[in-house]
Every structure is written in C-alpha cells, then in structure tokens.
Number of protein chains: 2
Amino acid sequence: MGAVTMSDVARAAGVSPMTVSNVVNGRAGVSDAVRRRVMETIEETGYRINVAARNLRAGRSGVIGLAVPELDNPYFGELARRIVAVAGEHDLRVAVEETGAAPEGERGAIRSSKRLDYDGLILSTVGLDMAELTTLPQLPLMLLGERENRSAVGHIALPNADGAQAAAAHLIDRGARRLAFVGGPDDREPTIRSMRWDGVQAAVRAAGIDEEDLRLVDCEMLTMDAGRAVGRRLGEQGAAGGPDGVDGIFALTDTLAVGLIRGLVDAGLRVPEDVLVAGFDGIGVGAHLTPSLTTVEPDHDWTARRAVERLLERIAMSGPPGEDEIAPFRLVVRESTGG
Amino acid sequence: MGAVTMSDVARAAGVSPMTVSNVVNGRAGVSDAVRRRVMETIEETGYRINVAARNLRAGRSGVIGLAVPELDNPYFGELARRIVAVAGEHDLRVAVEETGAAPEGERGAIRSSKRLDYDGLILSTVGLDMAELTTLPQLPLMLLGERENRSAVGHIALPNADGAQAAAAHLIDRGARRLAFVGGPDDREPTIRSMRWDGVQAAVRAAGIDEEDLRLVDCEMLTMDAGRAVGRRLGEQGAAGGPDGVDGIFALTDTLAVGLIRGLVDAGLRVPEDVLVAGFDGIGVGAHLTPSLTTVEPDHDWTARRAVERLLERIAMSGPPGEDEIAPFRLVVRESTGG
DNA sequence: ATGAAAGCGCTAACAT
DNA sequence: ATGTTAGCGCTTTCAT
C-alpha cells in the first residue's frame, strides 16, 4: 500500500526519521521550528504511525484481553464499555472474549490471550480456582470479582460480602424473616457465591434470626432461564410466599433475579407483596422492570479504571500483583423490596 | 524478555527459520520428518509466534473494530459476542468501541480505527449518513443495520421494513386499530427509523386502516429512560388506552419497548389488556419481563457471520463492497401482544 | 538538538 | 524440500 512512513515524512521535512519519531511521540529535545515543520509535513502527507511496527519494536501487542462470562449480559456490557474507555485513554485496544461462565471458557481465554499475544488479560472469573490461576504462566492478569487473593494474581474485588450483607439486612428491615439465598451452582471456594452467602448469613445473624430460617437454593446456571425455573419451583411448591414460605430472596446476580421474579409471577406470587427480592450488580434494565429491582450496585467506573490501571502497571513492571482492592457500592432500593 | 523466536526454534531443530515458518503456518512443502521434528522443538521450547512481527510483515494489525451504539444494551452484547466468535475463527482480534448512538461517536470510531490501525471496522450505525460515509477514506467498512446502500460501503442490513411490517400486522391481527410508532429522534434518511416506519405504514395500509389512525411519536433517545417517559406521557394524556386511545404500539427497538411498557404501567395502563406492544431486536431479557415482550428477532448468528466474512473479503481484496444482504428474522409472539 | 546504525521477529521472493 | 537474502516501520543506543 502507499502507506506513508516515518522515513517519507523525514525526507519531505528534511530531517531524520528519528526526529520525526521524537515529534510524533512528544519527546523533548526538538526545537520548536523543527517540530512545527515536521507537524506540517505529517499533516500534508497524511502520515499515521504504524502501530504494528511500533509494537514489534516495543515488544508489545498493544492489545489487552477482557474475558467476561457473558457478553449479552448487561452487567458485563457496562463493564466492557468502561474498560474500553479507560484503555483507550492509554492507547490500548481491548479484545473481548466470552468464557461462558465456565472454567473451560476461562482457560480458553487465557490460552487465546497467549495465542493472540495480548499484553495482559482482565478476567472476570467465576469458575477458575486460585490454585489453577497461580500456576498459569507469564501473562499479566487482573482478576475481577472474587476476593481473598492469596496468589500471585492481581485482583479487583467486588464488595461481595458487604454488599450481600447490606441487601439481606435491607430485606430483613423490610419485614422478611424467612430468607432464601438463590445462588449459582455450588463449586470451588472461595467464589462469588460463597462470599455473598457469608454476607447474607452475617445479616441474618446480626438480626437475631434463627439460621434455620435461611435457605440456600442452588441454581444450575447464572441465567435468566435458570432463575425463572427456580422461582417457579419455589412458588409452586409453596416454598415461597404464604405464612410459612420464604418471604425474602437474595439472588446471586441481577440476571438471576430477573428470571427469578418472573418465575415467582409464573407461579402466581406477587413481588413484593408476597416475596421481597433483591439482586446484585446494578444492571440498567433493573430500573425499568415491573417491579423494578432492588440491587447492590458496585461502582463500575471505579472498577474499570482500577482494573485497567493496575493491569498497565503490571505490564510495565511485572512486579508483584499488589494489594486487593474492593469496589465501593451502594444499595439501590426499588419496588421489588417495596421501596 | 526471553521470548523464544523462530530462529531459536530453527537452530534447535537444525533447520532454517523459513522451514519453521512453513510448519507454523501449515504450508505445504515440508517433509513429514522435518515437520514432526520442528513441532517437537516448538513444544519443547514453548515457542509462540510473535503476532506483532507477523502483522508488521503482513502489513496488517490483526485487529478489527466493532463499533456499536451502546455496549450495555443486550442487543449489542449479543451481536458483539457472535462477532468475536466468528472473528476468532479467523485469528482476528475484535476491539470494541462505543458510539453513543451519535454521529460524532461514529466519526470517533472511524477516527480511532485509523489511529489504532484496525484492519477494518464493523459499524452498527444509527446516525451517520451515507454521503458522509462514502467520503471517508481508506478503511474497509461494513455497515450493520441500515439499508438502501447506494454507496461504496459494504452493508449487512436488518430486516427493517419487513420485520416492522410483520410486527404491525401482528398488532392489527390481535385487534389493534389505532397504532402508534414510537421511534427515536427524527434524523437523516434513510435510517433504521424511516425504514421501520415504512414497514408499519405498509401493514396499516394492507389492513385497510385509515392512516389517520397511525401516530408517529418521537422519542429523544433510544434508551429505556426515554421510552419510559414517552410511555408515561402517552398514558397520562389519555393518548393511549381507553376507547379512542392508541391500542397498539410498535417500538423502534426492544430497549425502547422495555421502558415504554414500564411507562404505560406507571400511568396506570395494563399491557396487553389496554395496549399491545411489540419491539424489534430480540434482546434476551424480553422473554423474562412481565409482561414478556413480543419482538422481531433478526438472526444474530447469520448477521455476525456475514459481517465478519464480508469484512475479511474486503480487507483481502479491497474490491467493490458487493451486494447488500438482509438478515432473516422471525416474529416472536409473547405476552405484550396477548400471545 | 539532531542523526546514523542496528535490529525487533517474521516471511515473500528467489535460490539451490 | 529446504535455505538465503532482504526488508516490513519503528525506536534504542550511541555518535556528533
């Protein structure tokens, strides 16, 4: 192609390629006159830097990976949007991957990160355990979501325990006494699930409620479909609603909560009159459901920014991963808990 | 870094770098014995190809851009997921961008595609008009969404007119007589909006309904919030529901429809008892709303595959953009139209 | 303040 | 079937 190179610009401006490089990269040590002349020549020739060449020289690919469980989940869409924005500020491209919320998918993301030469990977993990992650080779990695990092992996945590506790305390505050925790599949610890479960237990204990009255309900997958099946089952079995049934549910994620509410409705129950429901994530659609969804909303902007910035630090200095950080959150009270 | 290069592998295997290259790229003309030996050496040394170097050599960046209006909109999440999958089959990385559904954002995506050296761009456009797109310089471009391409730009269209017509016909079939079309802001033609509007008009005409009874309602943005405001206004003004009010609404997108339904509910109306509502896009959450959402669902898999494949063709051969193609669709009937 | 040389890792083109 | 040469466009290093 007739791509204009630095040498072309240099020749046209009557300087060396090195000077052009210095101008393009805003480095010091170029006189104003020369700088201006080079800038003009760049303008005239339509020169654009060749990213591949720069990357080759720098030993980088200029791409970071972002692997999320599901791209069509609004929560991860929001996350992706913010991460792309922050990465763009640093001239980094973000390649998105989907893991399907399965350990195999997460391994796949790591593999393809290496195959496609990503400079680093932000992994929103649900499945992979720490032991496995720490044995993974050379790839700057930031984990999003879990906590209790004892490993060599950088980590931005969600406010799992505190957020879940706040949500459960709110359910109790609104009159619920027989709570249920609807989680995903029960797998390795510590996971998002186990930490949120701890939070809910803490709230129940703090309220002086008999822990016998706290139910743990499994749910095969973290999808709306699966949540709906659970909600319907709970309602039809009389396990929810009614004088002795569950009267307050914390759903592991908003996605689950959306399906769960619909399942309860399918079974003839009303939310919040018969059962209160709260979720976790703060997905946008939650505000516009009928009933709208009470949720724990982590600060997505903060999360995205810290994830990218810390990944960049790791890429640059390949030092130790640094401290865990936990995202701030707020409890958004809406109709599903009578708010 | 101690990255293993092709030369390293070549030396270790006692062959030339070129032979290693041939093996790595599965090219013919390597004896089985040598191929095996090279493979083993690659395995032993942990060699991985340097993508930046390959790209520099090939004059590509190995990254395509995908620019969508909103990443936290499930529709685009689904689209992104599929595009990433197909691109991955071709060893391409997908960098996602957000345009904010504004012409300026779309221009920005094109600019940053060039700044970051994307090999091509898939642009799900709502705002930019064709005239502007055709004047854009050298960047293989596939447009997603609009139609009536008279330009030099490749184009995968959604079934805008036919889909909208099917939805409107269905509303009429379910008893609606006073339809409303709730669209985004009214801008340049032809847009998604104008084409879907044409489809709805066609359905009304075909049913022999007085076109006076078809209302066109503007909506400032294509967001749930904006849709909700419109729904509330329609309900509160008595413009929807009641004996003379609108009794069937086609919303330009599912996102809009979600907010719209909620706004009608806010105003004390029931869907579908008082008003029928249908949307367009087939977002996943639509199945789990109360009421669940009737929608025109384009074949996302097909769309993603064709978009990537045709972009690749354009990148490879930089020929003419080729024919427009229109995605197949199906009408998914759910509760919001009494289904 | 500016420039020349060298090479990042790969592969097309041309030998052998 | 395999090897050699040369160079993609940039930037680090070391002059001047």
Side-chain angles (χ1 to χ4, degrees), chain A residues 1-39 41-42 45-63 91 114-119 138 315-316, chain B residues 1-39 41-42 45-63 91 114-119 138 315-316:
Chain A
M1 337 265 177
V4 184
T5 73
M6 262 187 189
S7 304
D8 297 334
V9 175
R11 206 172 311 115
V15 297
S16 79
M18 206 47 235
T19 300
V20 178
S21 173
N22 286 115
V23 170
V24 167
N25 293 284
R27 283 187 278 258
V30 183
S31 71
D32 268 10
V34 171
R35 163 165 275 117
R36 197 162 19 246
R37 186 149 42 89
V38 170
M39 300 272 247
T41 313
I42 286 174
T45 54
Y47 167 76
R48 284 182 302 115
I49 195 156
N50 180 315
V51 179
R54 166 192 277 175
N55 286 335
L56 171 59
R57 187 62 242 234
R60 309 182 293 93
S61 71
V63 182
D91 270 13
K114 296 167 64 190
R115 183 172 65 90
L116 295 176
D117 238 14
Y118 297 157
D119 292 335
Q138 301 303 49
I315 292 171
Chain B
M1 333 263 182
V4 184
T5 73
M6 262 188 187
S7 303
D8 297 333
V9 175
R11 205 172 313 115
V15 297
S16 80
M18 204 51 233
T19 299
V20 178
S21 173
N22 286 122
V23 171
V24 166
N25 292 284
R27 281 187 280 257
V30 183
S31 70
D32 269 10
V34 171
R35 164 165 273 117
R36 198 161 18 248
R37 185 147 46 86
V38 169
M39 300 271 248
T41 313
I42 287 174
T45 54
Y47 167 77
R48 282 180 305 114
I49 195 156
N50 181 316
V51 179
R54 167 193 277 175
N55 285 337
L56 171 59
R57 185 63 241 232
R60 310 182 293 94
S61 70
V63 182
D91 270 12
K114 297 168 62 190
R115 182 172 65 89
L116 295 175
D117 240 14
Y118 297 157
D119 291 335
Q138 302 301 51
I315 291 171

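Chain letters run A, B, ... following the sequence lines, proteins first and then strands; every chain starts at 1. These numbers were taken from a predicted model, which means no experiment stands behind them.
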Item checked: Steps toward side-chain hydrogen bond (donor to acceptor under 3.5 Å, both in side chains) verdict (B:S61, B:D119) -> CA-CA 6 Å; B:S61 70; B:D119 291 335; 3.2 Å; yes
Next item on the list: Would you mind reading off the distance between B:M18 atom CE and D:dA6 atom P, rounded to a whole angstrom?
Entry: 16 Å
Notebook entry, point to check: Between B:R57 and B:N50, does a side-chain hydrogen bond (donor to acceptor under 3.5 Å, both in side chains) hold up when you go through it step by step?
Noted result: CA-CA 11 Å; B:R57 185 63 241 232; B:N50 181 316; over 6 Å; no
Checklist line | A:D117 CG to C:dC10 C1', straight-line distance once rounded to whole Å | finding: 12 Å
Next item on the list: Kindly say if B:S7 contacts the phosphate of C:dC10, meaning a side-chain N or O under 4.0 Å from OP1 or OP2.
Entry: no
Next item on the list: Choose from D:dT11, C:dT11, D:dG9 the nucleotide whose nearest atom is closest to any side-chain atom of B:L56.
Entry: D:dG9
Check: B:R60 has an atom CZ; how far is it from atom P of C:dA12, in whole Å?
Finding: 11 Å
Note to self: Between A:R54 and B:G29, which residue's closest nucleotide on DNA chain D lies nearer the 5′ terminus?
What the structure shows: B:G29
Notebook entry, point to check: What's the CG-C1' distance between B:D8 and C:dC10, to the nearest Å?
Noted result: 13 Å
Item checked: Option among B:I42, B:V24, B:T5 that satisfies the side chain to side chain contact (heavy atoms under 4.5 Å, CB included) test with B:I49 -> B:V24
Next item on the list: Check the distance between C:dC10's P and B:N22's CG and give it to me in whole angstrom.
Entry: 13 Å
Next item on the list: Nearest whole angstrom, please: distance from the P of C:dG9 to the CG of A:N55.
Entry: 14 Å
Notebook entry, point to check: Atom CZ in B:R60, atom CG in B:D117: separation rounded to 0.5 Å?
Noted result: 11.5 Å
Item checked: Atom pair distance, as rounded to whole Å: CD1 in B:I49 and P in C:dG9 -> 12 Å
Notebook entry, point to check: With a non-hydrogen cut-off below 4.0 angstrom, is B:N25 in contact with a base, only sugar-phosphate, or nothing?
Noted result: sugar-phosphate
Check: Is any side-chain nitrogen or oxygen of A:T19 closer than 4.0 Å to OP1 or OP2 of C:dT2?
Finding: no
Notebook entry, point to check: Does a side-chain N or O from A:S21 land closer than 4.0 Å to OP1 or OP2 of D:dC10, or not?
Noted result: no
Margin query: Taking the minimum atom-to-atom distance to the side chain of B:A53, which one of D:dG9, C:dG9, D:dT2 wins?
Written below: C:dG9
Check: Can you list every pair that meets salt bridge (Lys or Arg N to Asp or Glu O under 4.0 Å) and has a residue in residues 12-37 of chain B, with sequence neighbours left out?
Finding: none
Next item on the list: Would you mind reading off the distance between B:R27 atom CZ and C:dT11 atom P, rounded to a whole angstrom?
Entry: 6 Å
Check: With respect to the phosphate group of D:dG3, does any side-chain polar atom (N or O) of B:S16 fall under 4.0 Å of OP1 or OP2?
Finding: yes
